[in-house]
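In what follows, a single structure is set out as structure tokens and then discussed.
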Amino acid sequence: MKEKKEGITAADRPILKNKSYLYLTEFFSGMSVMAVELGASRLLAPYFSSSQIVWTIIIGTIMIAMALGNIYGGRKVDKDPNPDKLYGRILLAAIWIALIPALGRYIIIGISALLVFTISTNFLVIAAFAACMIIFVFPLFLLGTVTPSLVKYTVDSLDDSGKIVGNLNAFNTVGSIIGTFVPTFISIPTVGTSITFLIFAGILIILAAIYFISSHIFPKKLPIALIIFILCCIFGHGNSFAFWQKHLTAEDESIYNYLQVSENDKQVILSTNVLFGVQSVYLKDRELTGMYYDYAMAAPYMAGIYENDRPLDVLILGMGTGTYATQCRRYFGQMNIEGVEIDQKITDLSHQYFQLPQDINVATYDGRAYLNALSSDHWKADSSYGTPDKKYDVIMVDAYQDITIPFQMSTVEFFTLVKAHLRANGIMVVNMNMRGISNADEKDGTLNAAGTDGSSKKDANITDYLADTISYVFPEVAIVDVDYSTNRELFAACSPGLLEHFRQNIALENDPELLQMMNKVESELRFYSAGNHIMTDDKAPVELLGMQVIDEIIRDEVSYYKKIYDEEGWTGLINEL
């Protein structure tokens with residue numbers, strides 16, 4: 001006989017009478033909210049990056065969902081204090097969370113494909129926000145109803161209301177803390193983002209199931225939830241974010257990145273972002289890559305590689321899989337190369353797939369923190385990876401990964417630190433990977449910063465800001481654009497004479513392929529006349545500047561397909577694809 005639900009309260013459910021299960025509900029609810037938030041960042045990062053903008057969208061969207069859930073939950077429980085409905089909402093939230101790894105990436109790609117043809121600005125913000133709203137708002141809205149409902153069930157009188165509410169908040173907070181640390185340091189690096197979603201969905205399903213079974217209630221939605229969860233465990237636990245690509249050599253996740261290795265007869269490629277670019281490449285025929293690494297090879301010449309009677313000391317901040325290090329060794333022979341890479345899994349891949357020489361030490365560190373540590377007392381006591389206060393001939397900054405630029409490695413303070421670790425004739429080379437459409441103006445072989453000649457008043461882009469900031473620190477700066485890409489290589493010298501050293505040393509080069517490449521760099525190299533767009537640790541708007549360039553890149557990339565869409569609609573576009 002079906003039980004009547006009207007008038008049921010927490011007192012009618014034995015499992016809730018001592019309030020312990022209510023506190024457990026608050027604990028696991030708080031834990032799941034934070035786990036889903038962190039999982040959201042990992043689900044979105046391969047497509048939209050993990051920049052502060054994306055994090056802001058995730059946090060803001062989730063706070064909206066929780067606030068609306070609090071309001072709805074409070075009003076709902078006042079009208080109907082039936083705890084069955086609360087645990088029903090928890091069960092529904094669990095089902096939705098379990099479906100995220102199975103459907104989430106398809107939703108993201110669908111949203112991106114739709115928006116890329118319909119909007120021309122703020123693509124990153126709009127697409128990420130739309131994805132968050134569709135994928136994450138509903139389950140977190142449901143979990144947002146938990147706290148006001150539990151307050152209703154636990155507070156018996158005004159005499160102990162403060163204590164009860166405080167205890168509930170404490171359990172929620174402790175759960176949130178655990179839900180923060182477990183995904184970041186345990187589940188995501190160990191089993192991946194998809195299984196992390198499934199783990200916490202399973203916890204919520206168990207929480208609801210225990211409630212219903214102990215209350216001798218067997219709603220139809222409980223077996224349905226179990227069936228959906230099992231299906232999601234079978235079909236939704238894959239870790240392939242680039243699901244349309246087949247025969248990948250490797251695909252993995254680390255604490256910091258989504259990692260994808262692809263390979264063909266000619267090259268091995270590492271990508272850490274599905275939609276934007278390649279991070280590292282290894283050419284099996286041991287030739288030049290045709291990418292920005294070839295242009296960056298000019299730095300050792302500028303540092304006087306053939307003028308020195310010793311091997312050059314080179315430091316690479318943002319080692320990746322070691323493309324630049326491998327290439328320098330290949331063409332220049334013995335060089336003392338050290339690397340810094342924050343992601344240990346990328347370093348592991350560099351030895352497994354990208355032939356990084358074993359004698360090149362790679363420190364698992366943040367680039368700026370590494371430079372600071374070189375001078376610290378702790379590092380002097382344990383200099384496993386570098387020599388304290390060491391000076392280098394070349395420091396390459398290649399830490400602007402995909403579409404994410406770490407602000408702490410784009411400021412005056414950072415570049416001052418780099419300069420302090422260069423020798424008197426040292427060279428810093430920076431790979432700026434989002435040059436977009438430059439607003440700078442060239443005159444007599446010198447590239448003037450945006451607006452400095454009195455005729456161009458357009459807003460400067462991210463590369464202009466970086467070049468101006470570097471020019472504030474270094475006395476001589478030159479740049480060259482990389483063909484067929486959005487990359488720009490910047491060379492900064494600690495003392496004047498960059499071009500003279502460059503010409504003198506390439507004149508001594510015997511390798512015809514490399515000499516041809518260096519002659520191309522020399523013909524296209526332009527000195528930079530700085531503006532006043534200076535970034536500091538206090539103010540470095542790299543996210544907003546980067547987003548502007550992303551819009552430019554997307555507009556340029558899809559202009560052909562957008563024209564077809566405008567003229568022939570979806571039918572013409574599908575036929576073209």
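All residue numbers in this chain count up from 1 along the given sequence. Just so it is clear, the structure is predicted and the values come from calculations on it, not from any experiment. The analysis underlying the following values was restricted to heavy atoms, covering all of them including side chains, and did not include hydrogens, waters or symmetry mates.
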Is it true that the side chains of [X] and [Y] contain a donor and an acceptor less than 3.5 Å apart?
X: Asp348; Y: Gln344; answer: yes
X: Thr463; Y: Asn461; answer: yes
X: Asp398; Y: Tyr292; answer: yes
X: Arg42; Y: Ser194; answer: no
X: Glu513; Y: Tyr331; answer: yes

Sort and list the pairs that fulfil side-chain hydrogen bond (donor to acceptor under 3.5 Å, both in side chains) and have at least one residue in residues 179-190, not counting sequence neighbours.
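side-chain hydrogen bond (donor to acceptor under 3.5 Å, both in side chains) check on residues 179-190 returns Ser187-Thr196.
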Under 3.5 Å: donor-acceptor pair, side chain of Tyr400, backbone of Met409:
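Yes, the answer is positive, given that a donor and an acceptor are paired below the 3.5 Å cut-off.
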When you measure from the side chain of Lys391 to the backbone N and O of Gly426, does any donor-acceptor pair fall under 3.5 Å?
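Pair absent, no side-chain N/O of Lys391 close to backbone of Gly426.
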Taking all non-hydrogen atoms of both residues, which atom of [X] and which atom of [Y] are closest, and how far apart?
X: Val314; Y: Tyr392; result: C-CD2, 3.9 Å
X: Ala325; Y: Leu356; result: CB-CD1, 4.2 Å
X: Asp537; Y: Phe407; result: O-CE1, 3.7 Å
X: Ile59; Y: Glu37; result: CG1-OE2, 3.3 Å
X: Pro183; Y: Ile178; result: CD-O, 4.0 Å
X: Val429; Y: Ala296; result: CG2-CB, 4.0 Å

Taking 4.0 angstrom as the limit, do [X] and [Y] come out as a salt bridge?
X: Glu338; Y: Lys390; result: yes
X: Arg330; Y: Asp511; result: no
X: Lys520; Y: Asp483; result: yes

Taking atom [atom1] of [X] and atom [atom2] of [Y], what is their separation to the nearest 0.5 Å?
X: Ile62; Y: Leu140; atom1: CD1; atom2: CG; answer: 5.0 Å
X: Tyr293; Y: Thr326; atom1: OH; atom2: OG1; answer: 10.0 Å
X: Ile234; Y: Phe229; atom1: CD1; atom2: CZ; answer: 11.0 Å
X: Ile97; Y: Ile199; atom1: CD1; atom2: CD1; answer: 13.0 Å
X: Leu317; Y: Met396; atom1: CG; atom2: CE; answer: 10.0 Å
X: Arg488; Y: Ile462; atom1: CZ; atom2: CD1; answer: 12.0 Å

Is Asn431 close to Val397 at the side-chain level, that is, under 4.5 Å between some pair of heavy atoms?
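A side-chain contact is absent here, since even the closest heavy-atom pair is not under 4.5 Å.
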Report the C-alpha distance between Tyr282 and Gln327 in whole Å, list the side-chain angles of each, state the deciding distance to 0.1 Å, and finish with yes or no for side-chain hydrogen bond (donor to acceptor under 3.5 Å, both in side chains).
CA-CA 9 Å; Tyr282 172 74; Gln327 197 154 297; over 6 Å; no
Using the six-membered ring wherever Trp is involved, compare the ring planes of Trp96 and Phe138 and label them parallel, tilted or perpendicular (cut-offs 30° and 60°).
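Ring orientation of Trp96 relative to Phe138: tilted.
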Hey, can you tell me if Phe27 and Phe171 have their rings parallel, tilted or perpendicular (30° and 60° cut-offs)?
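Ring orientation, 0 to 90° scale: perpendicular.
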For Lys345, salt bridge (Lys or Arg N to Asp or Glu O under 4.0 Å) partners two or more places apart
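If we apply the salt bridge (Lys or Arg N to Asp or Glu O under 4.0 Å) test to Lys345, skipping adjacent residues, the hits are Asp252.
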Worked verdict on Gln267 versus Asp285 for side-chain hydrogen bond (donor to acceptor under 3.5 Å, both in side chains):
CA-CA 8 Å; Gln267 61 187 8; Asp285 58 9; over 6 Å; no
In this structure, is the centre-to-centre distance between the rings of Tyr301 and Phe491 below 6.0 Å?
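No, the ring of Phe491 stays outside the 6.0 Å limit from the ring of Tyr301, centre to centre.
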